[in-house]
Amino acid sequence: MPSQSSTPPPDDGVAYTSSSSVSRDEKNSKVRAVLGMEEGSSVVVNADDQLLASLGYRPELKREFSYLTVFGQSFGAMGIAPAIAESIVFSLGSGGTVGMVWTYLVGCILLIPVALSLGELGSSMPTAGGLYYWVAQLTPPKQRAFMCWLAGYMNVLGYISIYASTIYAATLILGATVSIGNPNFVATQYQNYGIFVATIFLTFAMTCVSSSTLNKLNFTYIILQFTMLLALIIALAAGTPSELKNTASFVFGDFQNMGFWTNNGWAFMLSFLTPVWVVSGFESSATIAEESSNAAKAVPFAMVSSLITGMITGWAVIITIAFCMGTDVIDIVTTPLGQPLAQIALNSLGVNGSIALLVFLWWSSICNCSILMVAASRETFAFARDHGLPGSSFLRVLSSNKTPARAVGFVAVISLAEGLLMLVNTIAINSIFNLAIMGLYFAYCMPLISRLLFGHFKPGVWYMGDTWSYISAVYSVSWMTFVFILLLFPTYPDPTAQQMNYAVVVLGAVLIFCVGYYFVPGFGGKTFFTGPVRTIDDVVAGDQHAAVVIVPVSEGVERDIQEKEA
């Protein structure tokens with residue numbers, strides 16, 4: 001990892017002074033500077049900050065998140081109920097109820113090893129940089145800067161795109177709700193974009209708050225998400241007329257190829273797009289690692305537990321929908337409301353009941369968007385801290401409440417630009433859905449591939465053991481590669497220009513930009529980007545005699561360090 005010090009500290013997990021000639025007073029001065037202490041004050045040096053310092057970063061963000069609220073970050077980022085509402089068109093429109101029900105369960109199970117493997121990396125290196133920092137640590141020096149650059153851009157753009165696409169989906173839920181209340185209303189593209197813009201400003205305001213407030217909001221979001229799941233299940237189960245109730249044989253065994261691909265096997269495979277979309281975000285706990293207590297355990301725990309919770313609760317919702325939707329799948333998929341679940345709710349609950357349920361669902365989606373904005377802004381802040389983005393010196397500055405408000409603003413601006421695709425057509429904006437997942441999966445694979453190829457991985461406290469860890473990493477790369485290819489396929493076997501899946505075009509443009517910007521002569525990334533920057537060394541930049549002093553503290557133990565004048 002590059003260091004700004006002329007004499008880098010030893011890579012042993014704790015940095016000490018490089019010369020015994022440095023006096024104790026000088027050491028104490030360095031400790032105060034690194035930890036932000038004033039003369040005569042005391043500070044608690046805990047295991048989290050010690051580990052972060054050994055990874056090269058000065059603690060800047062406040063550690064306000066507990067195990068439960070770190071779980072809330074991952075679980076809330078998935079937003080199970082609204083995400084299902086927004087994406088069942090993929091599975092229902094490909095394989096009917098059988099495709100919708102079985103691919104969700106199987107898809108979530110197949111992602112558990114991915115969560116375990118990423119959790120190992122998050123435990124070993126709990127920084128806000130997450131994926132691109134892991135790539136930097138696991139890649140040889142010669143390739144490190146470029147690989148880290150590529151992973152950083154794909155991860156940042158992946159998070160921003162999944163935030164933007166979720167905002168778009170929330171826009172459609174609100175539009176469908178209004179249309180149910182007023183059948184003569186059909187939102188134009190410009191009206192939808194106006195709702196899109198207003199929603200971004202709303203979630204911007206919800207995100208630019210202190211870490212302590214976000215911690216409380218995350219706890220609230222957990223309750224909200226579970227309440228929404230229960231409300232959806234109970235409302236449909238109790239309110240659906242008997243003539244719309246389906247049999248178990250129809251739900252679990254009556255496969256219908258509802259798509260345009262004649263091969264039933266491939267139609268079933270395309271149904272996996274729903275679980276891939278719904279549980280994306282389970283790894284977002286890594287983005288708040290520097291705001292979490294006991295991050296080396298809390299981050300991987302949140303990844304795995306949120307995925308398993310999402311699998312169980314989401315499957316319950318999927319099964320309920322399948323039993324309460326009637327048998328006319330085509331009418332539901334092609335509903336003029338633009339939202340299959342909105343049509344199912346209207347059929348089952350009537351106008352007033354469906355509006356009440358959809359308003360609750362819309363607000364749940366807004367909270368989901370806010371959590372995704374937290375993840376996207378933290379990833380943006382971390383990459384800007386390492387000088388990876390244009391305007392990094394501006395974006396990496398924290399607000400007075402120690403939150404990356406400028407990075408939040410950057411996420412909002414880029415999302416507004418992506419939303420302009422709404423003014424083109426539905427196919428164009430849907431490419432953002434696929435780009436979001438492809439960007440994240442691309443970034444997920446990079447550290448795992450580097451780990452398998454170069455073997456530089458140092459396990460943290462969350463570790464499966466050499467054999468199972470290796471098998472899980474190999475499997476994870478294989479499965480995500482398959483999903484990546486799946487996301488590139490169009491809905492139609494012989495698509496026209498209007499039917500084309502433009503995700504490949506958008507992804508290609510992003511890759512061309514990333515590579516071109518890095519190698520452009522004179523001012524490209526190659527001229528200034530070296531990978532993660534040791535911010536903890538800033539206080540000793542130019543000092544020929546001393547590196548950073550970190551007081552070692554054993555894991556799980558805190559102690560007060562009282563600094564006094566000599």
Would you say [X] and [Y] make side-chain contact, with heavy atoms under 4.5 Å?
{"X": "I88", "Y": "I318", "answer": "yes"}
{"X": "L486", "Y": "M269", "answer": "yes"}
{"X": "L511", "Y": "L150", "answer": "yes"}
{"X": "F282", "Y": "V114", "answer": "yes"}
{"X": "M100", "Y": "I321", "answer": "yes"}

*Which pair of heavy atoms, one from T103 and one from P275, lies closest together, and at what distance?*
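Heavy atoms of T103 and P275 come nearest at O-CG, 3.3 Å.
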
_Residue pair T97 / F250: nearest heavy atoms and the distance that separates them_ =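 The pair with the smallest heavy-atom distance is OG1-O, 3.0 Å.
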
*Ring centroid separation F381 to F410 under 6.0 Å*: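 No, ring centres 6.0 Å or more apart.
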
*Is the distance between the ring centroids of Y441 and Y444 less than 6.0 Å?*
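That pair passes the under 6.0 Å test.
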
Taking [Y]'s backbone N and O only, do any of them form a donor-acceptor pair with [X]'s side chain (distance below 3.5 Å, no angle check)?
{"X": "T177", "Y": "I355", "result": "no"}
{"X": "S364", "Y": "F360", "result": "no"}
{"X": "W102", "Y": "F252", "result": "yes"}
{"X": "S354", "Y": "V351", "result": "yes"}

So how far is it from [X] [atom1] to [Y] [atom2], rounded to the nearest 0.5 Å?
{"X": "L448", "Y": "L118", "atom1": "CG", "atom2": "CG", "result": "5.5 Å"}
{"X": "I84", "Y": "I80", "atom1": "CD1", "atom2": "CD1", "result": "6.0 Å"}
{"X": "L236", "Y": "T320", "atom1": "CG", "atom2": "OG1", "result": "7.0 Å"}

*Between E86 and S365, does any side-chain donor sit less than 3.5 Å from a side-chain acceptor?*
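Yes, because at least one side-chain N or O of E86 sits under 3.5 Å from a partner of the opposite role on S365.
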
_I'd like to know if the side chain of S161 pairs up with that of E418 as donor and acceptor (distance under 3.5 Å, no hydrogens or angles considered)._
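On atom types as modelled, these side chains qualify, holding a pair under 3.5 Å.
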
*When you look at T274 and S91, which way does the side-chain hydrogen bond (donor to acceptor under 3.5 Å, both in side chains) test go after all the steps?*
CA-CA 6 Å; T274 291; S91 57; 2.9 Å; yes

*For M438 and L488, what are the C-alpha separation, side-chain angles and deciding distance, and is it a side-chain contact (heavy atoms from CB on, under 4.5 Å)?*
CA-CA 9 Å; M438 286 192 295; L488 294 173; 3.4 Å; yes

